[in-house]
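The structure appears below as structure tokens.
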Amino acid sequence: MNYYRACSGSREMRDLETDEEIERAIQYLVHSFESSGDNPKPVILHSTRVGMELYDRGYEQHIVVAGFLHDLLEDTAVTVAEIRSQFGDDVANIVEATSFDEAIDDYLERHLDIYERCFALGRPAVAVKAADLLDNSDYYHLGEDVDLKRNVLEKMAYFVEHSEPYIGDDALYRDLSEKYPVVKERVERSIEE
């Protein structure tokens, strides 16, 4: 069964089954954080914005679902096996690629590792990570540590430069690459203050 819904100023056909699966992912996200979430930041809100960014841009269901679930491995007791069991291989593989390796201590190295795993998996993981960065970059200037601020700029620049072969034709890539100079200026200004 299909129905129409307004999306980014245009009418777009949406599939009810897809929306039901996305709603199931949102319920799973909230339940997971209520059960075992350990991040003091508003991660449910962030994950919802990432998923909705992908949804509103018309990405495929498995990419959208992974967008909602992308922080579960880092911030809850949920495992890749549980995500695989609930949402399938495609979603689990994306969530795994977009999650950091706890064995890597260095901040920048840990994020570059994520990006390389996303690039290895391809467009779906790169799109989720791009939406994640697009949302998180609004907060980069708020960090208290100067080294962290420099690291977030370096990781964002690296991702923008290397993600073009995967999502360069997507509006998401354009928006992220256009946002980088704005974020850079904001972060550099905060370092000087």
Side-chain angles (χ1 to χ4, degrees), residues 29 33 37-54 56-57 59 63-64 66-76 80 91-193:
L29 167 74
F33 273 97
D38 64 357
N39 190 328
K41 297 177 187 173
V43 182
I44 293 172
L45 180 60
H46 163 69
S47 297
T48 301
R49 286 192 306 254
V50 169
M52 289 306 299
E53 180 78 34
L54 296 162
D56 287 343
R57 290 177 183 268
Y59 281 91
I63 296 173
V64 174
F68 281 103
L69 305 180
H70 78 278
D71 275 333
L72 287 182
L73 298 181
E74 295 176 6
D75 295 325
T76 72
V80 176
V91 171
N93 291 340
I94 295 168
V95 172
E96 186 172 34
T98 59
S99 300
F100 61 73
D101 180 345
E102 292 182 16
I104 301 173
D105 291 327
D106 181 76
Y107 177 88
L108 190 56
E109 184 181 332
R110 182 175 41 217
H111 284 86
L112 297 180
D113 174 68
I114 290 170
Y115 302 161
E116 291 305 320
R117 286 186 284 117
C118 287
F119 300 150
L121 191 59
R123 180 179 175 271
V126 175
V128 170
K129 186 45 72 176
D132 180 33
L133 285 171
L134 190 64
D135 186 68
N136 276 333
S137 66
D138 288 333
Y139 301 98
Y140 287 171
H141 69 287
L142 298 176
E144 304 227 353
D145 182 75
V146 172
D147 288 336
L148 177 61
K149 289 179 180 183
R150 288 188 177 115
N151 281 337
V152 295
L153 286 180
E154 187 173 342
K155 77 174 188 174
M156 188 174 183
Y158 181 91
F159 185 84
V160 169
E161 179 182 343
H162 292 87
S163 63
E164 185 175 12
Y166 306 94
I167 59 169
D169 293 334
D170 297 4
L172 178 61
Y173 175 80
R174 183 197 66 235
D175 291 350
L176 184 63
S177 63
E178 289 175 358
K179 190 171 186 181
Y180 174 72
V182 175
V183 171
K184 182 178 181 190
E185 179 183 335
R186 190 180 305 146
V187 170
E188 288 175 344
R189 192 170 52 244
S190 74
I191 290 172
E192 294 170 2
E193 295 175 347

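Since the structure is predicted, the reported quantities are computational estimates derived from the model, not experimental observations.
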No-hydrogen, no-angle side-chain donor-acceptor test under 3.5 Å, Asp147 and Tyr107: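 Not at all, the side chains of Asp147 and Tyr107 share no donor-acceptor pair under 3.5 Å.
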Donor-acceptor pair, side chain of Ser137 and main chain of Leu134, under 3.5 angstrom: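 Flag set: sc Ser137 to bb Leu134 pair under 3.5 Å.
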Expected output: side-chain Glu74 to main-chain Phe100 donor-acceptor under 3.5 Å: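 Judged by distance alone, yes, a pair lies under 3.5 Å.
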If you take all heavy atoms of [X] and [Y], which pair is closest and at what distance?
X	Y	value
Val50	Asp132	CG2-CA, 3.7 Å
Tyr140	Lys149	O-CG, 4.0 Å
Ala125	Ile94	CA-CG2, 3.9 Å
Ser163	Val126	CB-CG1, 3.7 Å
Ala127	Tyr59	CB-CE2, 3.7 Å

Salt bridge (charged side-chain N to carboxylate O under 4.0 Å, His left out) partners of residues 153-165, not counting sequence neighbours, each pair once: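 Every candidate salt bridge (charged side-chain N to carboxylate O under 4.0 Å, His left out) pair involving residues 153-165 fails, so no pair, neighbours aside, qualifies.
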[Y] side chain reached by [X] side chain, heavy atoms, under 4.5 Å:
X	Y	result
Leu153	Val183	yes
His46	His70	yes
Val152	Asn136	no

Quick one: pull up [atom1] in [X] and [atom2] in [Y] and give me the separation to the nearest 0.5 Å.
X	Y	atom1	atom2	value
Ile63	Leu54	CD1	CG	7.5 Å
Arg174	Leu176	CZ	CG	11.5 Å
Phe159	Leu133	CZ	CG	5.5 Å
His162	Tyr115	NE2	OH	12.0 Å
Leu72	Ser99	CG	OG	8.0 Å
Ser177	Met156	OG	CE	9.0 Å

Passing option when Asp113 is tested against Arg110, His111, Arg117 for side chain to side chain donor-acceptor pair (under 3.5 Å):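 The side chain to side chain donor-acceptor pair (under 3.5 Å) with Asp113 is passed solely by Arg117 among Arg110, His111, Arg117.
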Full working for side chain to side chain contact (heavy atoms under 4.5 Å, CB included) between Glu116 and Tyr158: CA-CA 10 Å; Glu116 291 305 320; Tyr158 181 91; 2.2 Å; yes
Residues forming a salt bridge (charged side-chain N to carboxylate O under 4.0 Å, His left out) with [X], sequence neighbours excluded:
X	result
Asp71	none
Asp101	none
Asp75	none
Lys179	Asp138

Enclosure of Glu178 CD (heavy-atom neighbours >12, cutoff 6.0 Å):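 For Glu178, atom CD is crowded (more than 12 foreign heavy atoms under 6.0 Å).
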Asp145 CG: over 12 foreign heavy atoms closer than 6.0 Å: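 Yes, because the 6.0 Å sphere around CG of Asp145 holds more than 12 heavy atoms from other groups.
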Residues Asp170, Arg123: salt bridge by 4.0 Å N-O rule: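 Salt bridge flag = yes for Arg123 with Asp170.
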Salt-bridge present (Arg49, Glu53; N to O < 4.0 Å):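 Looking at Glu53 together with Arg49, the answer is no, because their closest N to O distance does not fall below 4.0 Å.
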Contact list for residues 164-193, test ring pair (Phe, Tyr, Trp, His ring centres under 6.0 Å), sequence neighbours left out: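 Pairs touching residues 164-193 that pass the test: Phe119-Tyr166.
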Single hit among Thr98, Leu69, Val91, Val64 for side chain to side chain contact (heavy atoms under 4.5 Å, CB included) with Val128: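 Option passing the side chain to side chain contact (heavy atoms under 4.5 Å, CB included) with Val128: Thr98.
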Worked check of side chain to side chain contact (heavy atoms under 4.5 Å, CB included) between Lys129 and Leu121: CA-CA 12 Å; Lys129 186 45 72 176; Leu121 191 59; over 6 Å; no
